[in-house]
There are 2 protein chains.
Amino acid sequence: MIMVIIPPMQRLTIQRQAILDLINSSNRHWDAEEVNRELSDRGQSVGIATVYRGLTALEEAGLIEGIQFYDRKRYERADKSHHDHMLCTVCGHIEEFSHEKIEALQEAIALEKDFEMTGHQLVLFGLCAVCRNASK
Amino acid sequence: MIMVIIPPMQRLTIQRQAILDLINSSNRHWDAEEVNRELSDRGQSVGIATVYRGLTALEEAGLIEGIQFYDRKRYERADKSHHDHMLCTVCGHIEEFSHEKIEALQEAIALEKDFEMTGHQLVLFGLCAVCRNASK
DNA sequence: TGTATAATGATAATGGTTATCATTCCACCC
DNA sequence: GGGTGGAATGATAACCATTATCATTATACA
């Protein structure tokens, strides 16, 4: 049993628990629509507005992690170490990567510019190996 | 007189020329609404749909550069060397920076992951110096 | 057990962006 | 120089992700 401190969320309701369990059960990057559909398919239907509120609350509580991708926000498990993303613009595949040195350089730049960095977003766009081979 | 090859755009109309001139005349990062408003104020009103289409066409032609910021797309002059952005989440101020080493590391990562990178987007979020001092 | 506060869910609204479509513009050909 | 076809325009409707509204339901706790 792991105790977790949940600051801004008052109640971890069954709906929010369902959302959290779903996201924790996979390595996918879910958007709100996908969460809504998948929960419906599993017979634990949750209203779309509640999905949005739940995702926001869970993110604020640090239980999941949200990333703004191009046109929509996606959420993934929070128990992974920090990483950035590369997005295949053909098939939508998302690959993760992490690079300590890039992180450090960002910190250095912020410091130099007198900027108090609260977050960052690095997304590489391009073709994944599969799509590149398919297009040849 | 500088010749420019314009691949995907058929016609550089007066509306598109007005948009281009506006963006070229400043260092700002414009969104469609701002372009629309500013052109109206200058008495060269251009329909909002035309602004959107024009911005897209000009970007595809490489005459301006578009960046997806958090909630909207912004456009800036294309005749600047490549750079990334830091966005103050309080006042909206955008600061530019460029870092050769980060660029190189991104290339290396893409290569390693067998990913054909066509672009990238790095935005640092946080508080600019002014807002940080104001909040103290 | 009552009460205050939070969460839910259906639905309306918002806001940035794209689609539609009739009209206008313009390059090019005879 | 007039005709023609493809492209662009602009008013407006539609789209789509997200947020607000509000009546109802759930829950913690005094």
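Here is the naming used below: chain letters follow the sequence lines, and residue numbers restart at 1 for every chain.
Applying the ring pair (Phe, Tyr, Trp, His ring centres under 6.0 Å) test to residues at least two apart or on different chains, the pairs with a partner in residues 74-94 of chain A are A:His29-A:His85, A:Phe69-A:His85, A:His82-A:His120, A:His83-A:His85.
The nearest whole Å value for the distance from the CZ atom in A:Arg72 to the P atom in D:dC16 is 10 Å. Between the CG atom of A:Asn36 and the C1' atom of D:dA17 there is a distance of 13 Å, rounded to whole Å. A straight line from CD of A:Gln17 to P of C:dA6 spans 20 Å, rounded to a whole angstrom. Between the CH2 atom of B:Trp30 and the P atom of C:dG16 there is a distance of 16 Å, given to the nearest Å. The nearest whole Å value for the distance from the CG atom in A:Asp31 to the P atom in D:dT19 is 13 Å. Separating the CD atom of B:Glu34 from the P atom of C:dT17 is a distance of 11 Å, rounded to the nearest angstrom. The distance between atom CG of A:Asp71 and atom C1' of C:dG16, rounded to the nearest whole Å, is 12 Å. Whole-Å rounding puts the A:Phe69 CZ to D:dA17 P distance at 16 Å.
The hydrophobic clustering, which links ILVMFWY residues whose side-chain heavy atoms are closer than 4.5 Å, places B:Met86 and B:Ile102 together. In the hydrophobic clustering of ILVMFWY residues, with side-chain heavy atoms under 4.5 Å counting as a link, B:Val123 and B:Ile94 come out together. One hydrophobic cluster holds both A:Phe97 and B:Leu122 under the rule that ILVMFWY side chains link at heavy-atom gaps under 4.5 Å.
Within the model, atoms NZ of B:Lys113 and CG of B:Leu111 stand 12.5 Å from one another, a figure rounded to the nearest 0.5 Å.
When distances are taken from the side chain of B:Gln15 to each of C:dT17, D:dT9, D:dT21, the shortest belongs to D:dT9. Comparing C:dT17, D:dT21, D:dG10 against the side chain of B:Tyr52 picks out C:dT17 as the nearest.
Although no hydrogens or angles enter the test, the distance criterion places no donor-acceptor pair under 3.5 Å between the side chain of A:Glu60 and the main chain of A:Ala57. The backbone N or O of B:Thr56 lies less than 3.5 Å from no partner atom in the side chain of B:Glu59, so there is not a single donor-acceptor pair. Distance alone, capped at 3.5 Å, places no donor-acceptor pair between the B:Arg72 side chain and the B:Ala32 backbone. The main-chain N or O of A:Gly54 is never found under 3.5 Å from a side-chain atom of A:Gln15 such that the two would form a donor-acceptor pair.
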Detail all sub-3.5 Å separations between protein N/O atoms and N/O atoms belonging to nucleotides 23-30 of chain D.
{"from": "D:dT27", "atom 1": "O2", "to": "A:Arg11", "atom 2": "NH2", "distance (Å)": "3.4"}

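For DNA chain C, the residues of residues 38-50 of chain A within the heavy-atom distance limit of 4.0 Å (strictly under) are A:Val46, A:Gly47, A:Ala49, A:Thr50, sorted by number.
Under 4.0 angstrom from either OP1 or OP2 of D:dA8 there lies at least one side-chain N or O belonging to B:Arg16.
Through chains of ILVMFWY side-chain contacts below 4.5 Å, A:Val90 is grouped with A:Leu127.
Surrounding NZ of B:Lys80 are more than 12 heavy atoms belonging to other residues, nucleotides or ligands, all under 6.0 Å away.
No engagement by A:Glu33 is indicated, since no non-hydrogen atom pair under 4.0 Å with the nucleic acid exists.
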Please tabulate, for side-chain N and O atoms in residues 37-47 of chain B, each donor-acceptor pair with protein atoms closer than 3.5 Å (sequence neighbours left out).
{"from": "B:Glu38", "atom 1": "OE2", "to": "B:Arg42", "atom 2": "NE", "distance (Å)": "2.9"}
{"from": "B:Glu38", "atom 1": "OE2", "to": "B:Arg42", "atom 2": "NH2", "distance (Å)": "3.4"}
{"from": "B:Ser40", "atom 1": "OG", "to": "B:Asn36", "atom 2": "O", "distance (Å)": "3.0"}

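Stretches of at least 3 consecutive Watson-Crick or G-U wobble pairs, with each checked distance under 3.5 Å, appear in DNA chain C as C:1-30 with D:1-30.
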